[in-house]
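See below for the structure under consideration.
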Amino acid sequence: MSENVKSMFRLVIMHFFIITVCAMFVIAATNTLFFGGFNYPIDASFPWVMMLTGLLGSLPSLLFFFRNEPTKKQFYIRVVIHFFAIEAVILIEGRILGWYSTFEYMLIIATMVLVVYALVWVFSYISDRTAAVNINKALQSFNNDEDDSEE
């Protein structure tokens, strides 16, 4: 398996877990704040539906694989396409599964998707930033070790 395919697979899996956890958090917070507090009934299918939602929401992440390094404009265009693809997928899933029946409830779901999307970007940024800092530290340590061995 090529390194690019492995990278794509890792990204989709990482986004699956982040999306699933963020979606569960946003749904729990929304239900607690607006729909009955802690006594809101949860169906036994909820974890399975959340995992399906996480999977469907992570697949559009494949839009972020470029053959060549993208320009900022190309990247931001893909971010917008990515967001609307996720909105469409989740709203279609929600309609099929009966999450909403009115336009107002659809707007609530769409807003929740927006919040989850923002949280996923924040957690992805923190994860990527941490990895970059660790790589830079390792490279600096490696370069220092090389300099010491040359002396």
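Only this structure's heavy atoms are used, side chains among them; waters, hydrogens and symmetry mates stay out.
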Item to complete: Could you please spell out the steps behind the side-chain contact (heavy atoms from CB on, under 4.5 Å) verdict for Val12 and Leu59?
Response: CA-CA 6 Å; Val12 168; Leu59 292 178; 4.3 Å; yes

Discussion item. Is there a continuous path of hydrophobic side-chain contacts, each under 4.5 Å between heavy atoms, that joins Met50 to Val21?
Written reply: no

Worksheet item: Taking the hydrophobic residues Ile, Leu, Val, Met, Phe, Trp and Tyr, and joining any pair whose side-chain heavy atoms are under 4.5 Å apart, which ones share a cluster with Ile92?
Response: Ile96

Worksheet item: Could you go step by step and tell me if Ile108 and Trp99 meet the side-chain contact (heavy atoms from CB on, under 4.5 Å) rule?
Response: CA-CA 10 Å; Ile108 292 170; Trp99 295 347; over 6 Å; no

Worksheet item: Heavy-atom distance under 4.5 Å between the side chains of Ile90 and Met112, does that happen here?
Response: no

Discussion item. Could you check whether atom CZ of Phe46 has more than 12 heavy atoms from other residues, nucleotides or ligands sitting under 6.0 Å from it?
Written reply: yes

Practice prompt. Treating Ile, Leu, Val, Met, Phe, Trp and Tyr as nodes and any side-chain heavy-atom pair under 4.5 angstrom as an edge, say whether Val115 and Val80 lie in one connected cluster.
Written response: yes

Response to the item:
CG of Leu56 to CD1 of Ile86, rounded to nearest 0.5 Å, is 10.5 Å

Worksheet entry | Leu55 CG to Met51 CE distance, which is reported to the nearest 0.5 Å | 10.5 Å

Worksheet item: Does the pair Met24 and Ile27 meet the rule for a side-chain contact (heavy atoms from CB on, under 4.5 Å), with working shown?
Response: CA-CA 5 Å; Met24 290 176 75; Ile27 289 168; 5.9 Å; no

Worksheet item: What about Val79 and Val122, same hydrophobic cluster or not, with Ile/Leu/Val/Met/Phe/Trp/Tyr joined at side-chain heavy-atom distances under 4.5 Å?
Response: no

Fill in: Gln74 side chain reached by Arg78 side chain, heavy atoms, under 4.5 Å
no

Worksheet item: Looking at Val133, Asp128, Ile126, which hits side-chain contact (heavy atoms from CB on, under 4.5 Å) with Thr130?
Response: Ile126

Worksheet item: Which of parallel (below 30°), tilted (30 to 60°) and perpendicular (above 60°) describes His15 and His82?
Response: tilted

Fill in: side-chain contact (heavy atoms from CB on, under 4.5 Å) between Phe25 and Val116, intermediate numbers included
CA-CA 9 Å; Phe25 174 78; Val116 169; over 6 Å; no

Practice prompt. Drop me the distance from Ser58's OG to Ile13's CD1, to the nearest 0.5 angstrom.
Written response: 7.0 Å

Item to complete: Using the test ring pair (Phe, Tyr, Trp, His ring centres under 6.0 Å), find all partners of Phe17 that sit at least two apart in sequence or belong to another chain.
Response: none

Discussion item. If we ignore hydrogens and angles and just use 3.5 Å, is the side chain of Thr30 paired with the main-chain N or O of Val26 as donor and acceptor?
Written reply: yes

Fill in: Beyond-backbone contact of Ser127 with Met14, side-chain heavy atoms, under 4.5 angstrom
yes

Discussion item. To check you understand the geometry: which heavy-atom pair defines the closest contact between Phe16 and Gly54, and what is its length?
Written reply: CD1-C, 3.5 Å

Discussion item. If you count heavy atoms of other groups shown closer than 6.0 angstrom to CZ of Arg129, is the number above 12?
Written reply: no

Worksheet item: Should we count CZ of Phe83 as having more than 12 external heavy atoms under 6.0 Å?
Response: yes

Worksheet item: Can you tell me how far the CG atom of Leu119 sits from the OG atom of Ser124, to the nearest 0.5 Å?
Response: 10.5 Å

Practice prompt. To the nearest 0.5 Å, tell me how far Glu93 CD sits from Thr53 OG1.
Written response: 3.5 Å

Practice prompt. Drop me the distance from Ser61's OG to Ile18's CD1, to the nearest 0.5 angstrom.
Written response: 9.0 Å

Worksheet item: Any luck finding a side-chain donor-acceptor pair between Tyr117 and Trp121 under 3.5 Å?
Response: yes

Worksheet item: Within a strict 4.5 Å, meaning less than it, do heavy atoms of the Leu107 and Tyr100 side chains meet?
Response: no

Item to complete: Verify the cluster assignment for Leu114 and Tyr125: are they in a single hydrophobic cluster under the rule of side-chain heavy atoms below 4.5 Å apart?
Response: no

